[in-house]
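The block underneath contains the structure these notes are about, expressed in structure tokens.
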Amino acid sequence: MQRLGIDIGGTGIKAAVVDVTTGALLTERERILTPAGFELDDIVDTVAHLVDRFGHDDAVGVGFPGVVAHGVVMSPPTAHEYPGWVGCDLGAAIHDATGLATTVLNDADAAGIAEYRFGAGDSQQGMVMVFTLGTGVGSAMIVDGALVPNTELGKLYLADRSDVAELQIADRVRTDEDLKWREWGERLNTYFQHIDRLFTPDLVIVGGGVSKKHERFLHHIDIRAEVVPAELRNQAGVVGAAIATVEVS
Ligand code: BGC
């Protein structure tokens, strides 16, 4: 079964046709720069353009960097306070523009589904948590194979800090503040110790582009759960969005 997966990010919108039974990409992955301004109409146009470019005429899955319930965006997208997103039925807008059945979900949930099924998660039972460290911090929680959507654990407040965790541990913060790997690793450790205490996961998968440099920081995370780097890295969002067309309503 072939589906088009699209991953809407702050800087790029990526897409590929995916075999949802194996997680394999059946085409090259296309990447288009995210329209400046991140406005709804421009984003929908870009998605429609990608659908055309692939000549795709089956269902399309779309990951979005904010809370999404039943196709409706429920929080402003990562690091942006653009007006007009909250309450917008992105699923319906893409369906109207393309004529295709559309599933929209949170980007980290999409990445989480893909990592769980075809990456480091190995479809393991129990409590698997996937985190994406990028411009923001996304989270996915998969319990005995079922996704608990929109967990938004980047928005946790840690004791003695006035900002959400995301504003201390995102990869963007590491580069903006020019943190040494050890400094960033220690922040991650504080965060993941709290996650461990709250959720007692069996497996924690750490993703996002920076996970390809996992040797530099993962060893700083000292928790009870097993912690492993993501395997699909920046393909996870596209693969998971495609899978969502058959698994998420
Ligand atoms: C958003 C999440 C998103 C994550 C990664 C956070 O700022 O609140 O919804 O999954 O960034 O893009």
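Atoms within each ligand, like the ligands themselves, are counted from 1 in listed order. Model, not experiment: these values are computed from the prediction. Counting from 1, the numbers follow the sequence of the chain as shown.
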Contact check, Ser75 vs ligand 1, heavy-atom distance below 4.0 Å: no
Contacting atoms of ligand 1, where contact means under 4.0 angstrom from a heavy atom of Glu152: 1 (C), 2 (C), 8 (O), 9 (O)
Transitive ILVMFWY side-chain link Val204 to Leu156, under 4.5 Å: yes
For Lys155, the ligand 1 atoms whose distance to one of its heavy atoms is below 4.0 Å: 1 (C), 6 (C), 7 (O), 8 (O)
Glu231 to Gly119 - nearest heavy-atom pair and separation: OE1-C, 3.3 Å
Backbone or side-chain N or O of Ser139 under 3.5 Å from ligand 1 N or O: no
ILVMFWY cluster, Val67 and Leu167 together (side-chain gap under 4.5 Å): no
Spatial distance of atom CG (Asp196) from atom CD1 (Ile221) [nearest 0.5 Å]: 11.0 Å
Shortest non-hydrogen contact between Pro35 and Ile43, atoms and distance: CD-CD1, 4.0 Å
From Gln124 atom CD to Leu203 atom CG, the distance as rounded to the nearest 0.5 Å: 5.0 Å
Proximity to ligand 1 by part of Asn106, non-hydrogen separation under 4.0 Å: side chain
Per-atom contacts, ligand 1 versus Glu166 - under 4.0 Å to a heavy atom: 6 (C), 7 (O), 11 (O)
Distance (rounded to the nearest 0.5 Å) between Leu179 CG and Arg187 CZ: 4.5 Å
Gly66: numbered ligand 1 atoms lying under 4.0 Å from its heavy atoms: 9 (O)
Test item, Asp109 contacting ligand 1 (heavy atom, 4.0 angstrom): no
Sub-4.0 Å atoms of ligand 1 with respect to non-hydrogen atoms of Gly138: 4 (C), 5 (C), 10 (O)
Separation of His194 NE2 from Ile223 CD1 (nearest 0.5 Å): 12.5 Å
Region of Thr78 engaging ligand 1 - heavy atom pairs below 4.0 Å: both
Proximal ligand 1 atoms for Val137, defined as those under 4.0 Å from one of its heavy atoms: 4 (C), 6 (C), 11 (O)
Any N/O pair Thr132/ligand 1 closer than 3.5 Å: no
